[in-house]
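First the structure, in the form of structure tokens, and then the observations on it.
Worth saying up front: this structure is predicted, and the values here are computed from it rather than measured. Each chain gets a letter, A, B and so on, in the order the sequences are listed, and its residues count up from 1.
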Amino acid sequence: MNILLFGVTKDIIGSPSLSIPSTAFSRNDAPKTVGELREFLEKAYPELQNLASLAVAVNNSYAEDEKEINSFDEIALIPPVSGG
Amino acid sequence: MSEDGRFIRQTSLSQFGAEGQRKLAHGRVLVVGLGGLGLPVASYLNAMGLGTLGLVEQDLVELHNLQRQVLYTEKDIGKPKIEVALERLKAQNNQTDFIVFDRFLTKDNAIEIIRDFDIVVDATDNFPTRYLINDTCVILGKPFVYGALHGFEGHVSVFNHAHGPTYRCLFPTQPDSESIPNCDAHGVLGVLPGIIGTLQALETVKLLTGIGEVLSGRLLLYDGLTQATNSISFKADPKNKNQTKLKPSYNFVSCPSKDTITINELMSLLKTKPQIIDVRTEAEYQSHGLKEALNIPLQQLHDELKVIDFAKPVYLICQSGQRAKMAYQELKKTQPKAVLYTVLGGMANIPLHASTN
């Protein structure tokens, strides 16, 4: 699963993208929805929990937590940014 | 000056034409913030023949603005941005009708200021103002052109255009000031606001003239390091479109520049024995001064440089902040590498009993 990182998520995770090999999950605990992916990432990177608004896009469309995902989807994490 | 042919290079574009020019000339656009994003927006809209250009800004030009705010020069340091910008923009195009607001946008003035414009350009650098602009535009039914930066990255969208989504449809909850860098605390490569601000100017022209496809319902993500762009589509959530009142609070926090600190911050530093220079007169210092401070009146500063240790941070304080700023400018000239801070508000903000020596 490939995850593109934007704004402060890039700084929190420390790279512009994150590739999670399917071997990272045992058979039944791979995230099946956006909400489950959020939980997985927040556990791995607790600082993400501090973001009041963190938009998730699946294949370049904004996605709600119920949206189902699979390992071929391209995910993007988009927090608001404030600089000007 | 003859106006014949002034805009010929754009009116000769068949999709734009005299009709596009006429629409621009009738357009009323408010640019909130005259920093890295706002200056290219204002400059291009003004150059292209916008009818009415509103400007909102209350900051002064500071040295560390110059790497990205390219309309300002070294001679402008310490002057109000709105005055400097107005003078330059008038010289660029004297036909524009300028309306200046020498203040920051607040919950109390936002409706009144935004009401008379067709389009708002959000060229600010903090979340409270961005959410305030969103909510005000939703209430008044106006589109706003959004641009924001993070490091080498820029985000652009047009919110609240017709039935299109709002800022809150993408980011429902305003972040608190701690979780995400605010107030430029995170650093911005000088050229980046030029790119993003110019894209905002383009979207504004498209909104006014109806050419092309407005970036509504899409968030453009631009990465300057890789020249990669991503476009994320998103939809309106009706509850965000039906807002009728501003929120009770937008949690405005003052955004001090990196070269200023507040009295409270200074007080919390006192146990670390900071190097504080009080640049008021000796009499002022004697009547109400910090015992931790060294008194060097502004007029003598130039002759007393040896007394200051420029290897350590220097905190400049005066009565209200003005003389500290002048001292800052003077010291920066001879000590460009020194770490200097001015204390916001100065001794006027310290109660007499709490601090006298």
Side-chain angles (χ1 to χ4, degrees), chain A residues 1-20 31 33-35 37-39 41-70 72-84, chain B residues 32-33 35-38 68 122-131 146-155 165 167-188 192-193 196-197 217-219 221 223 225-226 228 230-235 237 255:
Chain A
M1 185 175 291
N2 197 32
I3 305 173
L4 302 177
L5 305 171
F6 294 94
V8 75
T9 66
K10 214 181 256 181
D11 306 327
I12 290 173
I13 292 170
S15 74
S17 68
L18 184 63
S19 191
I20 309 177
T33 63
V34 166
L37 178 67
R38 246 184 227 277
E39 278 173 36
L41 290 171
E42 285 176 1
K43 209 172 280 175
Y45 303 96
E47 275 181 80
L48 293 176
Q49 293 168 23
N50 300 333
L51 303 178
S53 283
L54 176 62
V56 177
V58 178
N59 302 326
N60 291 321
S61 291
Y62 179 89
E64 302 286 349
D65 281 354
E66 300 74 39
K67 166 87 178 168
E68 288 184 17
I69 52 173
N70 65 52
F72 305 109
D73 286 328
E74 185 180 72
I75 314 286
L77 297 190
I78 310 160
V81 303
S82 76
Chain B
V32 184
L37 295 170
R68 66 191 185 287
D122 172 3
T124 63
D125 64 359
N126 62 85
F127 288 121
T129 317
R130 293 185 185 283
Y131 278 85
Y146 164 84
L149 308 169
H150 182 92
F152 303 98
E153 187 182 311
H155 297 191
Y167 187 40
R168 286 188 189 272
C169 299
L170 202 52
F171 305 118
T173 311
Q174 181 182 327
D176 58 44
S177 54
E178 284 85 41
S179 63
I180 294 184
N182 208 350
C183 309
D184 276 353
H186 211 75
V188 167
L192 211 66
I196 300 303
R218 284 190 294 150
L219 176 71
L221 303 163
D223 182 351
L225 288 182
T226 57
N230 286 70
S231 172
I232 306 296
S233 62
F234 59 102
K235 293 195 172 66
D237 182 337
C255 283

Review point. Does CD belonging to A:Gln49 count more than 12 external heavy atoms closer than 6.0 Å?
Key: yes

Review point. Looking only at heavy atoms, what is the nearest atom pair of B:His150 and A:Asp11, with distance?
Key: NE2-OD2, 2.7 Å

Exercise for review: With a 4.5 angstrom heavy-atom cut-off, could you sort out which part of B:Leu219 is near chain A: side chain, backbone, both or neither?
Suggested key: side chain

Review point. How about A:Lys10 and B:Glu153: do any of their side-chain heavy atoms sit closer than 4.5 Å?
Key: yes

Study note, to complete from the structure: For A:Pro80 and B:Tyr167, the nearest pair of non-hydrogen atoms, with its separation, is CB-OH, 3.9 Å

Review point. Taking side chain as C-beta onward, heavy atoms only, is B:Asp223 less than 4.5 Å from A:Phe6?
Key: no

Practice item. Measure from the side-chain N and O atoms of A:Ser53 to the backbone N and O of B:Thr173, and report whether any donor-acceptor pair falls under 3.5 Å. Key: yes

Study note, to complete from the structure: By salt bridge (charged side-chain N to carboxylate O under 4.0 Å, His left out), A:Asp73 pairs with (sequence neighbours left out) none

Review point. How long is the gap from NE2 on B:His155 to CD1 on A:Ile78, to the nearest 0.5 Å?
Key: 7.5 Å

Study note, to complete from the structure: Turns out that what part of B:Leu170 lies under 4.5 Å from chain A's heavy atoms comes down to both

Exercise for review: Count the heavy-atom pairs under 4.5 Å between each of B:Gly36, B:Gly197, B:Gly154, B:Pro172 and chain A, then report the option with the highest count.
Suggested key: B:Pro172

**Study point:** Results of salt bridge (charged side-chain N to carboxylate O under 4.0 Å, His left out) for A:Arg38 - residues two or more places apart only
**Key:** A:Asp65

**Study point:** Closest non-hydrogen atom pair between B:Arg130 and A:Gly83, with its separation
**Key:** NH2-O, 3.1 Å

